[in-house]
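Report on the structure given below.
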Number of protein chains: 2
Amino acid sequence: MTAREPTGAELLAALSALANAHRLRIIGALADGRQYVSLLARELGMSRPLLHMHLQRLQAAGLVTGELELTADGKAVKYFEATEFAFSITPQAIKEIVPTLPESAKGRDTDS
Amino acid sequence: MTAREPTGAELLAALSALANAHRLRIIGALADGRQYVSLLARELGMSRPLLHMHLQRLQAAGLVTGELELTADGKAVKYFEATEFAFSITPQAIKEIVPTLPESAKGRDTDS
DNA sequence: GACACATGTAAGGTTTTTCTTACACCGGAC
DNA sequence: GTCCGGTGTAAGAAAAACCTTACATGTGTC
């Protein structure tokens, strides 16, 4: 089930996206199933624009996916759901992805 | 071997601490074994004060531990090592720690 | 038409994080 | 004493993240 080991950039993006209490609650709320933005905002007690921003951040990291749908009565509603990610975070795992981090070639030894 | 499931605050602190390329490299460098600050700074190509700050952040999250030692020639050197943390990050795991997040009782819907 | 409810986004301010520079201390070697 | 290498920390600027308010769109209902 483990799709593929993430690259350094991907892991960093995921960790950054999850390093926020609001976004953890969003993922927690979506763990059961998909939900649309306005209702999710009411459930979580946050403003729509704020939720929108956090969802963008989570989607950019590949942690959630959004899909715009049209209900029977013609309303446009955007449903989000959590992707089935699974990260194992250990010192050893981090050590292995460090070489794939961006600008990891930056810390060159003293070439002077 | 899994010591104990982290609380929401602990997980959030760990994720926040790991959401940084420098700190990932620090953990990666310490995955092999302990090292002292000045040498680690040279290896990673960053200034001592900056490394000091990042180590403080990692230590505050419980991801590294520091120990001040005196070498045979009387120098005071501070060694850091990575703790043996292991986090499994999945939507379901996040859902379970959400209730233990600080101020999680804030956005509570009208229980009615 | 006005209203309710869904979407999105831009502007702006506040707060947090990040990083550099500069300073302080201690102990051994020259 | 001066130099070197280790420690720590404070001040302040720069950058990024966070959040609110306000505005824009569209559709169905009254």
**OP:** Side chain of B:Pro49 only, please: which of D:dT9, D:dT7, C:dT18 is the nearest?
**Re:** D:dT9

Original post:
Under a single-linkage definition using a 4.5 Å side-chain heavy-atom cutoff for Ile, Leu, Val, Met, Phe, Trp and Tyr, are A:Tyr36 and A:Leu58 assigned to the same hydrophobic cluster?
Top reply: no

**OP:** Please check the phosphate of D:dC19 (OP1 and OP2 only) for any side-chain N or O of A:His54 closer than 4.0 Å.
**Re:** yes

Original post:
For D:dG8, does either OP1 or OP2 sit under 4.0 Å from a side-chain N or O belonging to B:Arg48?
Top reply: no

Original post:
Rounding to a whole Å, what distance do you find between B:Leu12:CG and D:dA17:P?
Top reply: 16 Å

**OP:** Give A:Met46 one of three labels, base, sugar-phosphate or nothing, depending on what nucleic acid heavy atoms sit under 4.0 Å from its own.
**Re:** nothing

Subject >> Rounded distance in Å - CG (B:Leu68) to P (D:dG5) >> reply: 19 Å

Subject >> Nearest-0.5 Å distance, CZ of residue A:Arg25 to CD1 of residue B:Ile94 >> reply: 12.5 Å

Original post:
Does A:Asp73 or A:Arg23 map to a spot on DNA chain D nearer the 5' end, using the closest nucleotide for each?
Top reply: A:Arg23

Subject >> Gap between atoms CG and C1', on A:Leu51 and C:dC5 respectively (whole Å) >> reply: 16 Å

Original post:
Does one hydrophobic cluster hold both A:Ile89 and A:Phe85, with members joined at side-chain heavy-atom distances below 4.5 Å?
Top reply: yes

**OP:** Measure from the side-chain heavy atoms of A:Lys75 and tell me the nearest of C:dC19, D:dT27, D:dG6.
**Re:** D:dT27

Subject >> N/O (side chain, B:Asn20) to phosphate O (OP1/OP2, C:dT18) under 4.0 Å >> reply: yes

Original post:
Of the candidate nucleotides D:dT21, D:dG8, D:dC19, which contains the atom at the shortest distance from the side chain of B:His52?
Top reply: D:dG8

Original post:
Rounded to whole angstrom units, what separation is found between the NE2 atom of A:His22 and the P atom of C:dT16?
Top reply: 14 Å

**OP:** Could you work out which one of C:dC19, C:dA10, D:dC19 sits closest to the side chain of B:Leu50?
**Re:** C:dC19

**OP:** Return the value, rounded to whole Å, for the distance between atom CD of B:Gln59 and atom C1' of D:dG8.
**Re:** 13 Å

**OP:** Report yes if at least one side-chain N or O of A:Ser47 is closer than 4.0 Å to OP1 or OP2 of D:dT20; otherwise report no.
**Re:** yes

Original post:
Which part of the nucleic acid, if any, lies within reach of A:Lys78 when heavy atoms closer than 4.0 Å are counted: base, sugar-phosphate only, or nothing?
Top reply: sugar-phosphate

**OP:** State the CG-CD1 distance between B:Leu44 and B:Ile26, to the nearest 0.5 angstrom.
**Re:** 6.0 Å

Subject >> Gap between atoms CG and P, on A:Leu55 and C:dG8 respectively (whole Å) >> reply: 9 Å

Original post:
So which nucleotide from D:dT7, D:dC19, C:dT17 ends up closest to the side chain of B:Arg57?
Top reply: C:dT17

Subject >> Per A:Tyr36 side chain, nearest of listed nucleotides D:dT20, C:dA6, C:dC19 >> reply: C:dA6

Subject >> Gap between atoms CD and P, on B:Gln56 and D:dA10 respectively (whole Å) >> reply: 11 Å

**OP:** Considering just the side-chain nitrogens and oxygens of A:Arg42, establish if one lies under 4.0 Å of OP1 or OP2 belonging to C:dC5.
**Re:** no

Subject >> Test item: A:Thr83 side-chain N/O and A:Leu63 main-chain N/O as donor-acceptor pair under 3.5 Å >> reply: yes

